[in-house]
Amino acid sequence: MSTRHAYLFLLPALLLYAAFVVVPTLQVFAYSFFSWDNGIAQDFVGLANYARLGSDRVFWVALGHNAIWVVLTLAFPLLAGLLLAAILADRTPRTIQIVSAIYFIPRTIPLVVAGIIWGWIYNPLFGLLNYGLDIVGLGQLAGAWLAEENTALLSLNVVGAWTFFGFCVVIYLGAIQSIDPSLYEAAEVDGAPWWRKFRDITVPLLNNSTLFLGLYAAIEAMRFFDLIWVTTQGGPGYATEVLTTHVYKTFFLVGDFGYASVLSVILLAIVLSLSAIAFRLLRAK
Amino acid sequence: MKHINLSAPLALLIATQATGQETVVVTQWDQFAQSGISAAGPAMDELIATCQPALNGADVLRTIAPSIGIRDSYRLAVSAGKTPDLAYTWPAASVLSGYARVGALAPLDAYFEQYGWDHVNDFYRGRNSYGGSIYGLPMEQDLMGVYYNKDLFAENGLEVPTTYAEFEAMVETLKDEGIIPVAFGNRDRWPATNTFSLILGLTAGRDLEEHVLFGDEPWTNPAFVQAAQTFQDWAEAGYFPRGFNGVGYDEANALFLSGRAAMTITGTWVLQDMVRGAEFDLGVFMLPPIADDVAPGTMWGEGSQWQLSASATPAVRDAAAAYLNCLVSTESRQVWVQKGHTVPIGTTPEELAAWGADPVVQEFFSGGLATPEANFYDLHTTLPESMTQVLYPELQRLVGGDITADEFTATLQAAWETADANGERWIP
């Protein structure tokens with residue numbers, strides 16, 4: 001196929017991309033330089049909206065929560081996924097098929113639905129978690145999981161981990177199954193126990209998968225919104241506020257399109273930076 | 001001031017409105033569904049048919065939006081320049097005046113003069129005014145009160161409190177009996193605003209509220225701090241169920257209706273659900289004044305108001321105004337009460353009795369309408385949106401015990417100064 005023909009085939013997709021991604025993105029960027037009143041542009045204010053970032057306490061709190069979410073996501077679902085995949089890889093093909101499918105189910109559940117389900121589990125009045133704790137005699141540990149500032153973000157992160165770890169298992173499992181079996185056979189001949197094989201063969205050879213999952217998780221952690229919105233709306237107080245909820249409230253509830261656009265531009269810059277890092281690192285491998 | 005149209009894509013988010021009709025079409029957004037808050041759908045259906053002749057041949061093209069969500073939908077419509085000809089939305093005060101400020105609404109002064117609409121008193125006219133003109137025709141009469149379980153009260157030897165001290169003593173009795181005193185859920189963030197508005201009015205009184213809202217008195221004044229402290233004290237003293245900041249508004253109401261809580265403090269907007277859902281003897285009383293020098297009263301609001309788009313043609317506006325005049329007539333108010341379980345502004349307790357309203361409805365409005373000079377403001381529907389979005393999380397923190405009453409009022413004062421500097425403050 002000639003270059004000209006190739007571009008002709010690419011053109012429709014590029015036009016759609018320009019119409020639905022490039023133009024709206026530029027528009028949001030343009031919005032950020034204006035003052036707004038009830039969603040109606042007023043005056044060009046230059047960088048005045050950007051200057052508000054420094055004194056916006058909620059922005060910094062939200063950014064901090066996004067960072068915490070990234071760290072927690074890297075710490076737990078990836079680790080759990082790695083361990084479970086390594087254990088599962090030694091089982092029979094049928095067991096692998098069934099168990100990995102079970103692990104993957106939460107990933108297929110929309111986050112809004114996951115939020116509703118876990119909202120019920122965490123509910124302080126009739127929640128399953130408190131009920132379970134009561135039944136096993138640990139009623140003193142029962143709490144208002146999403147209603148307390150010190151537990152809300154962590155409790156929501158558990159939900160995020162629940163929806164993500166199955167994906168990690170599947171990715172790691174595929175990568176483990178592609179490792180040359182002779183490496184493990186040689187280690188067994190040398191008498192290496194399971195954990196040694198895991199540490200010295202499996203983990204090093206899964207670097208690419210870990211890098212991919214880590215960066216994917218970090219990007220997702222900056223973008224997530226639905227789970228928080230259906231469960232806490234960023235509360236109690238600002239305990240689960242993240243950048244996306246701050247953008248939503250500023251845009252849709254306050255009608256301050258200029259500052260909401262600034263927040264969106266910052267969010268976009270962070271996500272694009274993470275994506276660029278991911279792209280470079282994965283290409284370098 | 002320049003107005004620059006950068007919001008064309010938002011128009012895609014807004015429902016397409018009928019165009020190109022031969023007859024005059026009045027597009028109407030309202031929130032009268034068949035169940036839930038503002039479940040006055042049957043009344044609206046009937047009144048559209050009844051009031052059709054008033055339209056002089058025009059047709060109504062109606063869109064029903066969720067009661068809570070219509071607030072956000074309307075704001076998007078304003079930003080896109082796609083407001084419906086006629087809308088029944090909320091809130092009034094700062095938000096309505098913001099729409100008037102950007103020229104989205106048509107003034108209704110001429111129609112008020114033409115049709116009278118004397119049932120709308122000065123309080124409500126003020127809440128629907130901006131720059132000396134009226135932009136909204138308020139309809140639903142909202143009141144705050146205390147729903148209570150008469151059976152539980154009787155079983156525990158309790159009577160309706162007439163003083164705040166009696167209220168506190170009653171709560172202690174309920175706690176001793178292992179009964180949740182007040183079903184309160186604030187996961188949705190807005191319910192605390194209503195409760196706080198009530199406490200604030202009963203601590204500070206309407207005059208002081210007006211000195212803060214319309215004058216120079218700061219939010220950090222002692223009475224406002226006392227109100228914040230009272231709310232926090234309630235939470236810390238176990239007035240509310242465990243984890244109330246994680247309990248939804250509907251769940252709290254269900255907790256009350258299940259008989260596990262003795263009271264719930266909320267408004268007339270759920271009267272229908274309460275009357276229909278209570279399997280016990282349901283009662284309503286007005287919370288007594290908290291501060292000694294404050295007159296009895298309760299929180300007043302208009303629920304929602306009818307407003308006309310500035311972009312509607314004169315013919316459409318005239319038709320819509322005539323139609324509104326029919327919707328708020330005495331005959332129509334009876335339909336709202338009987339078929340919509342909604343009490344329009346201007347309806348008297350005597351009319352409610354004559355029209356056969358539920359005894360609980362009569363009890364609520366008899367109590368709430370008895371103190372017109374002392375009734376006070378609902379912050380939720382009075383403050384600018386930028387302030388509301390500070391009030392919601394800060395109230396969660398206050399009742400959650402994460403900040404002090406002084407810190408709470410100081411934060412509100414800072415937000416108030418910012419809103420004031422941005423010209424968002426509403427003064428009737």
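A quick note: this is a predicted structure, and the numbers were derived from the prediction, not measured. In what follows, chains carry the letters A, B, and so on, assigned in the order in which the sequence lines appear, proteins first and then strands, with residues in each chain numbered from 1. For the numbers below, each heavy atom of this structure counts, side chains included, while hydrogens, waters and symmetry mates do not.
Heavy-atom distances place no part of A/T250 under 4.5 Å from chain B, backbone and side chain included. Contact of B/Y392 with chain A is not made at all, since no heavy-atom distance falls under 4.5 Å.
Of the candidates B/E385, B/R71, B/Q389, A/L253 forms a side chain to side chain contact (heavy atoms under 4.5 Å, CB included) with just one, namely B/Q389.
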Side-chain donor-acceptor distances from residues 46-56 of chain A under 3.5 Å, at least two apart:
{"from": "A/N49", "atom 1": "ND2", "to": "A/S32", "atom 2": "O", "distance (Å)": "3.0"}
{"from": "A/N49", "atom 1": "ND2", "to": "A/F34", "atom 2": "O", "distance (Å)": "2.8"}
{"from": "A/Y50", "atom 1": "OH", "to": "A/S32", "atom 2": "OG", "distance (Å)": "2.8"}
{"from": "A/R52", "atom 1": "NH1", "to": "A/D256", "atom 2": "OD2", "distance (Å)": "3.0"}
{"from": "A/R52", "atom 1": "NH2", "to": "A/D256", "atom 2": "OD2", "distance (Å)": "3.0"}
{"from": "A/S55", "atom 1": "OG", "to": "A/R52", "atom 2": "O", "distance (Å)": "3.3"}
{"from": "A/D56", "atom 1": "OD1", "to": "A/V58", "atom 2": "N", "distance (Å)": "3.1"}
{"from": "A/D56", "atom 1": "OD1", "to": "A/F59", "atom 2": "N", "distance (Å)": "3.3"}
{"from": "A/D56", "atom 1": "OD2", "to": "A/H246", "atom 2": "NE2", "distance (Å)": "2.8"}
{"from": "A/D56", "atom 1": "OD2", "to": "A/Y259", "atom 2": "OH", "distance (Å)": "2.6"}

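Note that CD1 of A/I40 and OG of B/S79 are 7.5 Å apart. Values are rounded to the nearest 0.5 Å.
Using a 4.0 Å cut-off between charged nitrogen and carboxylate oxygen, B/R189 and A/E241 do not count as a salt-bridge pair.
Of the listed residues A/A152, A/G237, A/G235, the one with more heavy-atom pairs under 4.5 angstrom with chain B than any other is A/G237. Heavy-atom pairs under 4.5 Å with chain A were tallied for B/E251, B/R260, B/M387, B/E424; the largest tally goes to B/E251.
Within residues 110-130 of chain A, the residues that have a heavy atom under 4.5 Å from a heavy atom of chain B are A/N123, A/P124, A/L125, A/F126, A/N130, listed by number. Listed by sequence position, A/A142, A/A144, A/A147 are the residues of residues 138-147 of chain A in contact with chain B, using a 4.5 angstrom heavy-atom cutoff. Among the residues in residues 395-404 of chain B, those with a non-hydrogen atom closer than 4.5 angstrom to a non-hydrogen atom of chain A are B/Q396, B/R397, B/D402.
Enclosure of atom CZ in A/F225 by more than 12 non-hydrogen atoms of other residues, nucleotides or ligands within 6.0 angstrom is indicated.
Across all their heavy atoms, A/F252 and B/L76 have their closest contact at CE2-CD1, 3.7 Å.
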